[in-house]
Amino acid sequence: MDRKIYGLLAEFDTATQVVDAARKIREAGYKKTDAFSPFPIHEMDEALGIRRSILPYLVFAGGVAGLLTGLGLQWFVHVYDYPIIVGGRPYFSLPSFIPPAFELTILFAGFAAVFGMLFLNGLPQPYHPVFNVPRFALATREKFFLLIETKDPKFDYEETKRFMHSLSPQEVFDVEE
Amino acid sequence: MTNFEDYRAPEEISRWRTFALGIGGLLSIIILVIAVIFPEQREQALRSWLLGFIFWGGIGIGCLGVLILQYLTGGAWGVVSRRILEAGSRTIPILFVLFLPIMAGVTYAYEWTHLMDLPVVVHRQPYLSVEWWIFRAVLYFILWYLMAYFLNKWSAQQDQAKDFDQAAKLLADSSKFSGPTMVFFVLVVSFAAIDWVMTLDPHWFSTMYGFLFTAGWGLSCFCFVVANLAFLANKAPLNRIIGKRHFHDLGKLMLALTMVWAYFNFSQFLIIWSGNLPEETTWYLSRLKGGWGVVGAILILFHFAFPFLVLLTRDVKMRAKWLASLAVFILVLRLVDMFYLISPNPRISTHGKSLELWASFSWMDIAAPLAVGGIWLWFYFGELMKRPLVPVNDPYLGNAIEHGKGH
């Protein structure tokens, strides 16, 4: 082969077909797989064996970090660095510290959610080989695609291609690097 | 045409109904007899009855509010819980009957009725007088009844709808009606909360009070709906309809309202704490001293912190039994919250002093909520059995069932 192959891409007409095919791909033991659809398909995570994202834990950690930052900042300013009596309240007056601490909790949790999501998805990604297949543009309109990467330990060009044809797709494409 | 028999509530509800009426009726008679025979017990009996009424009434009126809400937001959770909300909203008449003892005994329960010379009470004339207080209470019930009446009427017509267009039009009508009605609903709840609970302390006022009850009663309602659905979900007919994701969605709403409840409570506290004015802080001082601080801490930990952290996890929200257990737990804490709002208020028998926690607590604070609850649940279950458990002709019923099946 003179050209480098990134993987094999199969095109499907309906969501039901693509989910059934994804199940078969997982049962056949392929791991480095991906699916593309114009709208979210809830069954797809389970069909392809995609594990739950760790994003919720990142968001929680971000929230806790925000809370501690908020309280720590106010403690540093009002108790340690520049103690000043405001309205006759004690230096460390927790009730009035809660709104800023709450805001920082939300802010940091929000940052963790957005940037964590981008990081876990590997975004921004200016180039991805699947776009070398012209028909892949239809993934945002009406077609469903399944991908098996050459990196997969079970990948064998001839055999995997035959296997993908057996899933009765519309067509199977070679995805060039 | 749809076979309504397929969606009838399970028969065992009628056994629960009889049981609830037995407990509620017996305890009500005991409390009533005590209140009639011993005049010195009347204040406590009415305070406890008010506690039970505000707790259970909050669920019924909360059901009306969430019924209005789900017509505005749409969503699968609203379609599958609509018949529970409707049955809850149709309990307004029995809530009025349960309110009659408080109306009759207003001069035994509310200190301001004896303080007509007090400047703050004089200033609030004629608004804060017994006649106007009773007039307004009747008005609140009429308004709530009308809101519930129309939404229930159209929903019943939808069950009889001949075709899809008619069913869709009835749904659209309900949604249009719900927009302005929501505004009036929150206003009526605010006025009722101020009249029935805030005036227990004639000196104190808070502009956050109405929202405390709107959020609290909404939370009560969601917990009640989750407990009901979990109970019905593994029996015909709802076992074909309710799915994990319905509980997931309702769990998210429980989380949201838990946070809103805490947010409103803290807002009220922060403003009064920062202002540090004697006329406002008395309310919190009487709820921090004499053992009441422990109740406040329990509320912060178990009405907010614990449910908040548990509801963050998806697994709890998706498992009906876990979510329902938490819902019942929150409902118990809702009762503690109402006890914390009602019981430390000044009493007539102590000439306006607040009692310490243990002096204030009476066996009737448990018996009266059970009495009110028994009668209310008896009526509620009766209403629940009158209609199919799902809105059979709702245009979104199919989508709602499909939505629940996801993992």
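Chain identifiers are assigned alphabetically (A, B, ...) following the order of the sequence lines, protein sequences preceding nucleic acid strands; residue numbering begins at 1 within each chain.
- For the atom pair A/Y57 OH and B/L312 CG, the distance stands at 11.0 Å (nearest 0.5 Å).
- Of all heavy-atom pairs between B/L270 and A/P99, the closest is CD2-CG, 3.6 Å.
- Other residues, nucleotides and ligands contribute at most 12 non-hydrogen atoms within 6.0 Å of the CZ atom of B/F211.
- The number of heavy atoms from other shown groups lying within 6.0 Å of CZ (A/F39) is above 12.
- Other residues, nucleotides and ligands contribute more than 12 heavy atoms inside 6.0 Å of the CZ atom of B/F329.
- More than 12 heavy atoms of other shown residues, nucleotides or ligands fall within 6.0 angstrom of atom NZ in B/K235.
- Of the two parts of B/L309, only the side chain, counted from C-beta on, holds a non-hydrogen atom closer than 4.5 Å to a non-hydrogen atom of chain A.
- For A/Y80, the OH atom sits in a loose shell: 12 or fewer heavy atoms of surrounding residues, nucleotides or ligands are nearer than 6.0 Å.
- To the nearest 0.5 Å, atom OH of residue B/Y263 and atom CZ of residue A/F102 are 7.0 Å apart.
- When heavy atoms are compared at a cutoff of 4.5 Å, A/P95 approaches chain B by way of both its backbone and its side chain.
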